[in-house]
Amino acid sequence: MLRNLSDEDLVEKAVAGEHDAFAEIVRRWERKIFALCFGMLGREDEAKDAAQETFIAAYKNLSRFRGEAKVSSWLHRIAVNQCLTTKRRSKTRAEEFFDHEDGSDERAFVAAPQHSPGRKAEALERTNVVRQAVRALPTELREVVVMKEFEEMTFQEISETLDVPLSTVKSRLYTALKQLRMRLERTPVEIL
Amino acid sequence: MERYAQDQCPGSESIVSYIYNEMAAGDRHAFETHLVDCQACTDQFAEISVARFEVFDWKRSEFDQLATPVISIHYPEQTVSIGQRLHGLIRSAAAVPAFALVLLAIGAGYLYWISNGQAVDADSVAANPAATASVVPVADPSAGVASTQEVAITDSVPGDDGSIARTAGNRPTKNRIPSTPVRYAKQIAPQVKLANDVAVNSPPATKKLPRLGVYDDEDDTSLRLAELFDEAGPPQD
(Lines give C-alpha, C1' and ligand atoms only; values in the text may rest on other atoms or scores of the structure.)
Protein backbone atom coordinates (compact mmCIF):
# COMPACT_ATOMS: atom_id res chain seq x y z
CA MET A 1 0.00 0.00 0.00
CA LEU A 2 2.85 2.41 0.87
CA ARG A 3 4.46 1.78 -2.52
CA ASN A 4 1.71 3.71 -4.24
CA LEU A 5 2.24 6.85 -2.19
CA SER A 6 4.38 9.78 -3.28
CA ASP A 7 7.55 10.69 -1.44
CA GLU A 8 5.94 13.68 0.14
CA ASP A 9 3.03 11.61 1.46
CA LEU A 10 5.44 9.12 2.89
CA VAL A 11 7.29 11.89 4.70
CA GLU A 12 4.05 13.14 6.17
CA LYS A 13 3.24 9.68 7.45
CA ALA A 14 6.74 9.24 8.77
CA VAL A 15 6.49 12.56 10.62
CA ALA A 16 3.22 11.28 12.02
CA GLY A 17 5.06 8.31 13.44
CA GLU A 18 4.69 5.58 10.79
CA HIS A 19 8.04 3.94 10.70
CA ASP A 20 7.14 1.84 7.69
CA ALA A 21 6.62 4.99 5.69
CA PHE A 22 10.18 6.03 6.30
CA ALA A 23 11.36 2.48 5.52
CA GLU A 24 9.67 2.82 2.15
CA ILE A 25 11.55 6.09 1.53
CA VAL A 26 14.80 4.33 2.35
CA ARG A 27 13.95 1.44 0.00
CA ARG A 28 13.21 3.83 -2.84
CA TRP A 29 16.22 6.03 -2.41
CA GLU A 30 18.98 3.99 -0.84
CA ARG A 31 20.59 3.01 -4.12
CA LYS A 32 20.46 6.50 -5.59
CA ILE A 33 21.77 8.11 -2.43
CA PHE A 34 24.48 5.49 -2.31
CA ALA A 35 25.32 6.29 -5.97
CA LEU A 36 25.53 9.98 -5.14
CA CYS A 37 27.81 9.26 -2.19
CA PHE A 38 29.90 6.97 -4.37
CA GLY A 39 30.19 9.75 -6.93
CA MET A 40 31.44 12.12 -4.28
CA LEU A 41 33.64 9.79 -2.25
CA GLY A 42 34.79 7.31 -4.84
CA ARG A 43 34.91 4.48 -2.32
CA GLU A 44 32.17 1.97 -1.77
CA ASP A 45 32.78 1.44 1.93
CA GLU A 46 32.74 5.15 2.65
CA ALA A 47 29.76 5.63 0.35
CA LYS A 48 27.78 3.01 2.25
CA ASP A 49 28.57 4.64 5.56
CA ALA A 50 27.70 8.06 4.18
CA ALA A 51 24.41 6.77 2.74
CA GLN A 52 23.49 5.22 6.06
CA GLU A 53 24.37 8.43 7.89
CA THR A 54 22.26 10.34 5.39
CA PHE A 55 19.10 8.40 6.17
CA ILE A 56 19.76 8.60 9.88
CA ALA A 57 20.11 12.37 9.59
CA ALA A 58 16.96 12.55 7.46
CA TYR A 59 15.00 10.57 9.99
CA LYS A 60 16.18 12.82 12.80
CA ASN A 61 15.25 15.92 10.83
CA LEU A 62 11.91 14.77 9.40
CA SER A 63 10.10 17.52 11.27
CA ARG A 64 12.23 20.17 9.57
CA PHE A 65 11.16 19.09 6.11
CA ARG A 66 8.88 21.93 4.92
CA GLY A 67 7.72 20.46 1.68
CA GLU A 68 9.03 23.47 -0.23
CA ALA A 69 11.45 21.22 -2.13
CA LYS A 70 11.18 17.71 -3.37
CA VAL A 71 12.13 14.89 -1.04
CA SER A 72 14.80 13.85 -3.49
CA SER A 73 16.43 17.29 -3.35
CA TRP A 74 16.20 17.28 0.43
CA LEU A 75 17.91 13.88 0.59
CA HIS A 76 20.52 14.99 -1.95
CA ARG A 77 21.45 17.96 0.13
CA ILE A 78 21.72 15.88 3.29
CA ALA A 79 23.85 13.35 1.39
CA VAL A 80 26.20 15.99 0.01
CA ASN A 81 26.72 17.43 3.48
CA GLN A 82 27.24 13.96 4.89
CA CYS A 83 29.80 13.15 2.20
CA LEU A 84 31.73 16.33 2.90
CA THR A 85 31.72 15.43 6.59
CA THR A 86 32.98 11.96 5.72
CA LYS A 87 35.73 13.41 3.57
CA ARG A 88 36.89 15.72 6.32
CA ARG A 89 36.82 12.81 8.75
CA SER A 90 38.74 10.60 6.38
CA LYS A 91 41.34 13.30 5.86
CA THR A 92 41.76 13.70 9.58
CA ARG A 93 42.01 9.94 10.07
CA ALA A 94 44.55 9.71 7.29
CA GLU A 95 46.65 12.39 8.95
CA GLU A 96 46.34 10.58 12.27
CA PHE A 97 47.29 7.36 10.53
CA PHE A 98 50.47 8.92 9.26
CA ASP A 99 51.13 10.42 12.70
CA HIS A 100 50.68 7.00 14.33
CA GLU A 101 52.19 4.69 11.83
CA ASP A 102 50.88 1.55 13.47
CA GLY A 103 47.46 2.34 12.03
CA SER A 104 45.70 0.56 14.87
CA ASP A 105 42.81 3.03 14.82
CA GLU A 106 42.26 2.56 11.11
CA ARG A 107 39.50 0.11 10.39
CA ALA A 108 38.00 -0.52 7.02
CA PHE A 109 34.31 -1.15 7.24
CA VAL A 110 32.79 -2.88 4.28
CA ALA A 111 29.16 -3.87 4.39
CA ALA A 112 28.53 -7.53 3.84
CA PRO A 113 27.24 -8.25 0.39
CA GLN A 114 23.63 -9.21 0.19
CA HIS A 115 23.13 -12.61 -1.37
CA SER A 116 19.42 -13.09 -0.92
CA PRO A 117 17.61 -14.58 -3.92
CA GLY A 118 15.50 -11.44 -4.23
CA ARG A 119 18.57 -9.25 -4.37
CA LYS A 120 20.16 -11.50 -6.95
CA ALA A 121 17.09 -11.35 -9.16
CA GLU A 122 17.01 -7.60 -8.79
CA ALA A 123 20.65 -7.30 -9.67
CA LEU A 124 20.15 -9.51 -12.70
CA GLU A 125 17.25 -7.44 -13.90
CA ARG A 126 19.17 -4.22 -13.37
CA THR A 127 22.09 -5.60 -15.30
CA ASN A 128 19.88 -6.34 -18.26
CA VAL A 129 18.32 -2.89 -18.14
CA VAL A 130 21.64 -1.10 -17.99
CA ARG A 131 23.11 -3.26 -20.74
CA GLN A 132 20.24 -2.43 -23.04
CA ALA A 133 20.44 1.25 -22.14
CA VAL A 134 24.15 1.39 -22.92
CA ARG A 135 23.62 -0.53 -26.15
CA ALA A 136 20.96 1.97 -27.20
CA LEU A 137 23.37 4.90 -26.90
CA PRO A 138 24.71 6.47 -30.09
CA THR A 139 28.10 5.13 -31.04
CA GLU A 140 30.03 8.31 -30.30
CA LEU A 141 28.55 8.43 -26.79
CA ARG A 142 28.83 4.70 -26.13
CA GLU A 143 32.51 4.57 -27.04
CA VAL A 144 33.29 7.28 -24.52
CA VAL A 145 31.41 5.39 -21.79
CA VAL A 146 33.24 2.18 -22.62
CA MET A 147 36.63 3.87 -22.68
CA LYS A 148 36.01 5.60 -19.39
CA GLU A 149 34.31 2.84 -17.41
CA PHE A 150 35.71 -0.31 -18.94
CA GLU A 151 39.09 0.76 -20.20
CA GLU A 152 39.53 3.19 -17.30
CA MET A 153 41.20 5.73 -19.56
CA THR A 154 41.64 9.33 -18.55
CA PHE A 155 39.84 12.11 -20.36
CA GLN A 156 43.12 13.13 -21.93
CA GLU A 157 43.78 9.61 -23.21
CA ILE A 158 40.28 9.39 -24.66
CA SER A 159 40.78 12.77 -26.28
CA GLU A 160 43.99 11.61 -27.92
CA THR A 161 42.51 8.29 -28.92
CA LEU A 162 39.44 9.76 -30.56
CA ASP A 163 41.29 12.86 -31.75
CA VAL A 164 38.66 15.19 -30.33
CA PRO A 165 39.05 18.09 -27.88
CA LEU A 166 39.07 17.38 -24.17
CA SER A 167 35.89 19.39 -23.62
CA THR A 168 34.14 17.31 -26.27
CA VAL A 169 35.01 14.12 -24.44
CA LYS A 170 33.59 15.47 -21.19
CA SER A 171 30.44 16.78 -22.77
CA ARG A 172 29.91 13.49 -24.62
CA LEU A 173 30.27 11.55 -21.39
CA TYR A 174 27.91 13.88 -19.60
CA THR A 175 25.36 13.53 -22.39
CA ALA A 176 25.75 9.75 -22.38
CA LEU A 177 25.17 9.53 -18.64
CA LYS A 178 22.23 11.90 -18.89
CA GLN A 179 20.62 9.77 -21.58
CA LEU A 180 21.31 6.61 -19.59
CA ARG A 181 19.63 8.13 -16.59
CA MET A 182 16.58 8.98 -18.64
CA ARG A 183 16.38 5.48 -20.12
CA LEU A 184 16.75 3.90 -16.69
CA GLU A 185 13.99 6.12 -15.39
CA ARG A 186 11.68 4.90 -18.11
CA THR A 187 12.37 1.26 -17.27
CA PRO A 188 12.54 1.16 -13.49
CA VAL A 189 13.88 -1.92 -11.82
CA GLU A 190 11.46 -3.57 -9.48
CA ILE A 191 13.07 -3.35 -6.08
CA LEU A 192 12.31 -6.43 -4.04
CA MET B 1 41.41 27.95 -7.78
CA GLU B 2 38.15 28.25 -9.58
CA ARG B 3 35.31 29.84 -7.64
CA TYR B 4 31.75 29.73 -8.74
CA ALA B 5 29.56 32.73 -8.24
CA GLN B 6 26.17 32.25 -6.70
CA ASP B 7 24.46 32.62 -10.05
CA GLN B 8 27.17 30.88 -12.05
CA CYS B 9 26.97 27.12 -11.85
CA PRO B 10 29.79 24.86 -12.96
CA GLY B 11 29.18 23.25 -16.29
CA SER B 12 28.62 19.64 -17.17
CA GLU B 13 32.33 19.19 -17.76
CA SER B 14 33.03 20.03 -14.13
CA ILE B 15 30.50 17.45 -12.97
CA VAL B 16 32.06 14.55 -14.90
CA SER B 17 35.53 15.75 -14.00
CA TYR B 18 34.59 15.65 -10.33
CA ILE B 19 32.86 12.27 -10.49
CA TYR B 20 35.81 10.64 -12.25
CA ASN B 21 38.28 12.34 -9.93
CA GLU B 22 40.03 14.28 -12.66
CA MET B 23 39.74 17.69 -11.12
CA ALA B 24 42.43 19.64 -9.32
CA ALA B 25 42.17 19.69 -5.54
CA GLY B 26 41.40 23.41 -5.41
CA ASP B 27 38.70 23.10 -8.02
CA ARG B 28 37.19 20.15 -6.17
CA HIS B 29 36.87 22.22 -3.05
CA ALA B 30 35.20 25.04 -4.98
CA PHE B 31 32.87 22.58 -6.64
CA GLU B 32 31.87 21.00 -3.32
CA THR B 33 31.25 24.40 -1.79
CA HIS B 34 29.01 25.27 -4.69
CA LEU B 35 27.08 22.00 -4.36
CA VAL B 36 26.20 22.81 -0.80
CA ASP B 37 24.78 26.16 -1.85
CA CYS B 38 23.14 25.19 -5.16
CA GLN B 39 20.23 22.77 -5.09
CA ALA B 40 19.97 22.55 -8.88
CA CYS B 41 23.58 21.50 -9.24
CA THR B 42 23.17 19.00 -6.39
CA ASP B 43 20.23 17.36 -8.15
CA GLN B 44 22.07 17.39 -11.47
CA PHE B 45 25.12 15.90 -9.83
CA ALA B 46 22.97 13.21 -8.19
CA GLU B 47 21.44 12.22 -11.55
CA ILE B 48 24.80 11.83 -13.23
CA SER B 49 26.17 9.99 -10.20
CA VAL B 50 23.32 7.48 -10.33
CA ALA B 51 23.80 6.84 -14.04
CA ARG B 52 27.51 6.46 -13.58
CA PHE B 53 27.09 4.03 -10.69
CA GLU B 54 24.66 1.90 -12.69
CA VAL B 55 27.23 1.51 -15.44
CA PHE B 56 29.93 0.84 -12.86
CA ASP B 57 27.80 -1.78 -11.13
CA TRP B 58 26.88 -3.40 -14.41
CA LYS B 59 30.51 -3.67 -15.40
CA ARG B 60 31.46 -5.07 -12.02
CA SER B 61 28.72 -7.66 -11.87
CA GLU B 62 28.95 -8.84 -15.44
CA PHE B 63 32.56 -8.36 -16.49
CA ASP B 64 34.87 -8.11 -13.51
CA GLN B 65 34.22 -11.68 -12.43
CA LEU B 66 35.05 -13.01 -15.84
CA ALA B 67 38.38 -14.69 -16.16
CA THR B 68 40.84 -13.01 -18.40
CA PRO B 69 40.57 -14.81 -21.70
CA VAL B 70 43.60 -16.55 -23.06
CA ILE B 71 44.09 -15.16 -26.48
CA SER B 72 45.84 -17.39 -28.95
CA ILE B 73 46.33 -16.34 -32.50
CA HIS B 74 46.74 -19.06 -35.08
CA TYR B 75 48.66 -17.72 -37.96
CA PRO B 76 48.01 -19.37 -41.29
CA GLU B 77 50.87 -21.38 -42.68
CA GLN B 78 52.84 -19.47 -45.19
CA THR B 79 52.52 -21.04 -48.60
CA VAL B 80 55.23 -20.14 -51.02
CA SER B 81 54.08 -19.92 -54.58
CA ILE B 82 56.07 -21.19 -57.50
CA GLY B 83 56.75 -17.64 -58.61
CA GLN B 84 58.17 -16.76 -55.20
CA ARG B 85 60.36 -19.86 -55.26
CA LEU B 86 61.64 -18.99 -58.72
CA HIS B 87 62.34 -15.48 -57.55
CA GLY B 88 64.32 -16.85 -54.66
CA LEU B 89 66.26 -19.16 -56.92
CA ILE B 90 67.08 -16.32 -59.29
CA ARG B 91 68.26 -14.22 -56.42
CA SER B 92 70.46 -17.04 -55.13
CA ALA B 93 71.69 -17.73 -58.68
CA ALA B 94 72.75 -14.14 -58.98
CA ALA B 95 74.92 -14.60 -55.95
CA VAL B 96 76.85 -17.51 -57.48
CA PRO B 97 78.53 -15.51 -60.28
CA ALA B 98 79.38 -12.81 -57.82
CA PHE B 99 81.04 -15.37 -55.59
CA ALA B 100 82.84 -16.86 -58.59
CA LEU B 101 84.11 -13.43 -59.56
CA VAL B 102 85.46 -12.95 -56.09
CA LEU B 103 87.22 -16.32 -56.30
CA LEU B 104 88.66 -15.42 -59.70
CA ALA B 105 89.91 -12.13 -58.39
CA ILE B 106 91.58 -13.89 -55.47
CA GLY B 107 93.15 -16.47 -57.84
CA ALA B 108 94.40 -13.80 -60.21
CA GLY B 109 95.86 -11.92 -57.34
CA TYR B 110 97.62 -15.04 -56.12
CA LEU B 111 99.05 -15.79 -59.57
CA TYR B 112 100.23 -12.22 -59.91
CA TRP B 113 101.87 -12.48 -56.53
CA ILE B 114 103.58 -15.73 -57.50
CA SER B 115 104.91 -14.34 -60.77
CA ASN B 116 105.91 -11.13 -59.09
CA GLY B 117 107.70 -13.20 -56.48
CA GLN B 118 109.86 -14.77 -59.25
CA ALA B 119 110.74 -11.38 -60.55
CA VAL B 120 111.61 -10.34 -57.09
CA ASP B 121 113.86 -13.40 -56.77
CA ALA B 122 115.57 -12.54 -60.05
CA ASP B 123 115.96 -8.98 -58.93
CA SER B 124 117.36 -10.08 -55.67
CA VAL B 125 119.76 -12.32 -57.54
CA ALA B 126 120.89 -9.42 -59.64
CA ALA B 127 121.23 -7.27 -56.63
CA ASN B 128 123.04 -9.82 -54.55
CA PRO B 129 124.85 -12.37 -56.69
CA ALA B 130 126.87 -13.55 -53.75
CA ALA B 131 123.84 -15.35 -52.57
CA THR B 132 123.93 -17.62 -55.63
CA ALA B 133 127.42 -17.49 -56.93
CA SER B 134 129.70 -19.00 -54.43
CA VAL B 135 132.94 -18.17 -56.09
CA VAL B 136 133.97 -14.86 -57.48
CA PRO B 137 137.03 -15.06 -59.69
CA VAL B 138 139.46 -12.29 -59.42
CA ALA B 139 142.24 -11.90 -61.86
CA ASP B 140 145.62 -11.69 -60.25
CA PRO B 141 148.06 -10.18 -62.68
CA SER B 142 150.91 -10.54 -60.29
CA ALA B 143 150.47 -14.34 -60.14
CA GLY B 144 150.31 -14.65 -63.87
CA VAL B 145 147.41 -17.07 -63.73
CA ALA B 146 143.91 -16.68 -62.77
CA SER B 147 143.29 -17.69 -59.26
CA THR B 148 140.23 -18.17 -57.32
CA GLN B 149 139.26 -16.47 -54.19
CA GLU B 150 136.75 -17.76 -51.81
CA VAL B 151 133.90 -15.60 -50.76
CA ALA B 152 132.62 -16.04 -47.32
CA ILE B 153 129.74 -18.42 -47.68
CA THR B 154 128.48 -20.11 -44.62
CA ASP B 155 127.44 -23.71 -44.49
CA SER B 156 129.28 -24.47 -47.73
CA VAL B 157 129.97 -28.13 -48.31
CA PRO B 158 131.93 -29.29 -51.33
CA GLY B 159 130.07 -31.69 -53.56
CA ASP B 160 131.32 -34.83 -55.17
CA ASP B 161 132.11 -33.06 -58.34
CA GLY B 162 134.10 -30.45 -56.58
CA SER B 163 131.46 -27.81 -56.83
CA ILE B 164 130.37 -25.66 -54.00
CA ALA B 165 127.36 -27.16 -52.37
CA ARG B 166 124.15 -25.40 -51.79
CA THR B 167 123.76 -22.95 -49.04
CA ALA B 168 120.77 -22.28 -46.94
CA GLY B 169 119.73 -19.43 -49.12
CA ASN B 170 120.77 -21.11 -52.31
CA ARG B 171 118.66 -24.22 -52.49
CA PRO B 172 117.74 -25.10 -56.06
CA THR B 173 114.06 -25.21 -56.60
CA LYS B 174 111.94 -25.11 -59.63
CA ASN B 175 111.87 -21.38 -59.69
CA ARG B 176 115.23 -20.68 -58.35
CA ILE B 177 118.38 -20.09 -60.24
CA PRO B 178 120.84 -22.96 -59.66
CA SER B 179 124.28 -22.08 -58.72
CA THR B 180 126.92 -22.65 -61.29
CA PRO B 181 129.31 -25.47 -60.43
CA VAL B 182 132.81 -24.15 -60.36
CA ARG B 183 135.85 -26.26 -60.25
CA TYR B 184 138.59 -25.20 -58.01
CA ALA B 185 141.89 -24.17 -59.43
CA LYS B 186 140.39 -23.89 -62.85
CA GLN B 187 140.57 -20.82 -64.85
CA ILE B 188 137.24 -19.26 -64.54
CA ALA B 189 135.66 -16.75 -66.76
CA PRO B 190 135.31 -13.35 -65.21
CA GLN B 191 131.54 -13.71 -65.35
CA VAL B 192 129.26 -16.27 -63.81
CA LYS B 193 126.80 -17.63 -66.33
CA LEU B 194 123.56 -18.48 -64.69
CA ALA B 195 121.46 -21.40 -65.78
CA ASN B 196 118.76 -19.29 -67.23
CA ASP B 197 121.26 -17.35 -69.28
CA VAL B 198 120.95 -14.31 -67.17
CA ALA B 199 124.27 -12.67 -67.05
CA VAL B 200 125.08 -11.45 -63.68
CA ASN B 201 127.87 -8.99 -63.47
CA SER B 202 130.19 -9.42 -60.66
CA PRO B 203 129.82 -6.71 -58.18
CA PRO B 204 132.77 -4.58 -57.50
CA ALA B 205 134.73 -5.85 -54.60
CA THR B 206 134.15 -3.46 -51.85
CA LYS B 207 136.38 -5.31 -49.49
CA LYS B 208 139.80 -6.50 -50.39
CA LEU B 209 139.93 -10.19 -49.79
CA PRO B 210 143.17 -11.94 -48.81
CA ARG B 211 144.75 -14.05 -51.50
CA LEU B 212 145.31 -17.68 -50.95
CA GLY B 213 148.99 -17.48 -51.66
CA VAL B 214 149.64 -14.50 -49.53
CA TYR B 215 149.59 -15.09 -45.87
CA ASP B 216 149.69 -12.43 -43.36
CA ASP B 217 150.09 -14.84 -40.60
CA GLU B 218 153.50 -16.41 -41.13
CA ASP B 219 153.14 -18.52 -38.06
CA ASP B 220 150.18 -20.33 -39.40
CA THR B 221 151.54 -23.63 -40.68
CA SER B 222 148.24 -25.31 -41.40
CA LEU B 223 147.73 -26.94 -44.73
CA ARG B 224 146.87 -24.52 -47.49
CA LEU B 225 144.26 -25.47 -50.01
CA ALA B 226 146.22 -23.88 -52.83
CA GLU B 227 149.30 -25.94 -51.99
CA LEU B 228 147.19 -29.09 -52.05
CA PHE B 229 145.97 -28.19 -55.49
CA ASP B 230 149.51 -27.52 -56.67
CA GLU B 231 150.65 -30.88 -55.42
CA ALA B 232 147.72 -32.74 -56.91
CA GLY B 233 148.12 -31.11 -60.28
CA PRO B 234 145.36 -30.62 -62.77
CA PRO B 235 142.39 -32.95 -62.51
CA GLN B 236 142.22 -35.85 -64.86
CA ASP B 237 138.96 -36.03 -66.66
Side-chain angles (χ1 to χ4, degrees), chain A residues 31-42 44 47 69-70 72-77 79-81 83-84 87 120 123-124 126-131 133-134 144-146 148-150 152 154-156 166-185 189, chain B residues 1-69 71:
Chain A
R31 186 173 178 86
K32 294 170 185 172
I33 295 299
F34 169 75
L36 170 59
C37 296
F38 182 70
M40 286 201 73
L41 299 171
E44 283 194 83
K70 292 169 35 176
S72 59
S73 298
W74 177 59
L75 289 174
H76 288 160
R77 179 169 293 244
V80 166
N81 287 322
C83 286
L84 294 177
K87 288 184 83 167
K120 285 186 177 178
L124 189 63
R126 180 175 288 108
T127 297
N128 290 330
V129 169
V130 175
R131 187 194 305 120
V134 172
V144 176
V145 172
V146 170
K148 192 64 192 166
E149 283 294 342
F150 289 80
E152 297 178 359
T154 64
F155 288 125
Q156 185 64 39
L166 192 63
S167 58
T168 304
V169 174
K170 292 180 181 178
S171 64
R172 280 185 187 178
L173 185 58
Y174 180 84
T175 306
L177 294 175
K178 190 90 173 173
Q179 289 190 14
L180 274 175
R181 179 78 182 111
M182 291 168 63
R183 293 172 196 275
L184 294 175
E185 281 286 313
V189 176
Chain B
M1 184 175 71
E2 187 181 1
R3 287 197 171 278
Y4 304 101
Q6 197 70 23
D7 57 345
Q8 186 186 0
C9 296
S12 57
E13 296 177 18
S14 298
I15 292 177
V16 293
S17 296
Y18 183 89
I19 288 177
Y20 288 99
N21 199 21
E22 290 193 36
M23 185 180 267
D27 295 338
R28 287 182 70 85
H29 181 72
F31 182 82
E32 290 165 353
T33 305
H34 179 80
L35 279 186
V36 173
D37 297 333
C38 182
Q39 187 62 56
C41 285
T42 301
D43 291 343
Q44 195 178 5
F45 178 81
E47 279 194 5
I48 299 302
S49 294
V50 169
R52 189 261 166 145
F53 179 73
E54 294 296 351
V55 176
F56 172 83
D57 197 39
W58 167 52
K59 173 212 164 195
R60 182 177 54 182
S61 61
E62 191 160 318
F63 296 97
D64 284 359
Q65 56 189 336
L66 294 176
T68 304
I71 299 172

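Quick note on labels: first sequence line is chain A, next is B, and so on, each numbered from 1.
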Chemist: Starting at CG of A:L173, measure out to CD1 of B:I19 and round the result to the nearest 0.5 Å.
Modeler: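 It comes to 8.5 Å.
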Chemist: For a quick test of reading the model, state the closest non-hydrogen atom pair linking B:A46 to A:L36 and the distance between them.
Modeler: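 Distance-wise, the nearest heavy atoms are CA-CD1, 3.8 Å.
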Chemist: Output all residues satisfying ring-ring contact (aromatic ring centres under 6.0 Å, His included) with B:F53, sequence neighbours left out; order by chain, then residue number.
Modeler: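 By the ring-ring contact (aromatic ring centres under 6.0 Å, His included) rule, B:F53 matches A:F34, A:F38.
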Chemist: Taking side chain as everything from C-beta outward and backbone as N, CA, C, O, which of these in A:M40 sits under 4.5 Å from a heavy atom of chain B? Side chain, backbone, both or neither.
Modeler: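 Both parts, heavy atoms under 4.5 Å.
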Chemist: Let me see the donor-acceptor pairs closer than 3.5 Å between chain B and chain A, or none if nothing turns up.
Modeler:
| unit_1 | atom_1 | unit_2 | atom_2 | d |
| --- | --- | --- | --- | --- |
| B:S17 | OG | A:K170 | NZ | 3.0 |
| B:Y18 | OH | A:K87 | NZ | 3.3 |
| B:Y20 | OH | A:E149 | OE2 | 2.8 |
| B:E22 | OE1 | A:F155 | N | 3.2 |
| B:E22 | OE2 | A:K148 | NZ | 2.3 |
| B:E22 | OE2 | A:F155 | N | 3.3 |
| B:E32 | OE2 | A:K87 | NZ | 2.5 |
| B:V36 | O | A:R77 | NH1 | 3.3 |
| B:Q39 | OE1 | A:R77 | NE | 2.8 |
| B:Q39 | OE1 | A:R77 | NH2 | 3.0 |
| B:Q39 | NE2 | A:S73 | O | 3.0 |
| B:D43 | OD1 | A:S73 | OG | 3.2 |
| B:D43 | OD1 | A:H76 | ND1 | 2.8 |
| B:D43 | OD2 | A:S73 | OG | 2.6 |
| B:Q44 | NE2 | A:Y174 | OH | 2.1 |
| B:E47 | OE1 | A:K178 | NZ | 3.4 |
| B:R52 | NE | A:E149 | OE2 | 2.8 |
| B:E54 | OE1 | A:R31 | NH2 | 3.2 |
| B:E54 | OE2 | A:R31 | NE | 2.9 |
| B:D57 | OD2 | A:R31 | NH2 | 2.7 |
| B:K59 | NZ | A:E149 | O | 3.4 |
| B:K59 | NZ | A:E152 | OE2 | 3.1 |
| B:R60 | NH1 | A:E44 | OE1 | 2.5 |
| B:R60 | NH1 | A:E44 | OE2 | 2.2 |
| B:R60 | NH2 | A:E44 | OE1 | 3.3 |
| B:S61 | OG | A:T127 | OG1 | 3.4 |
| B:E62 | OE1 | A:R131 | NH2 | 2.7 |
| B:E62 | OE2 | A:R131 | NE | 3.0 |
| B:E62 | OE2 | A:R131 | NH2 | 3.2 |

Chemist: Can you say whether A:V145 sits under 4.5 Å from chain B via the side chain, the backbone, both, or neither, judging by heavy atoms?
Modeler: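 A:V145 touches chain B through side-chain heavy atoms alone.
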Chemist: With a 4.5 Å cut-off on heavy-atom pairs, point out which of A:V134, A:L75, A:L124 contacts chain B the most.
Modeler: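 Maximum pair count with chain B is reached by A:V134.
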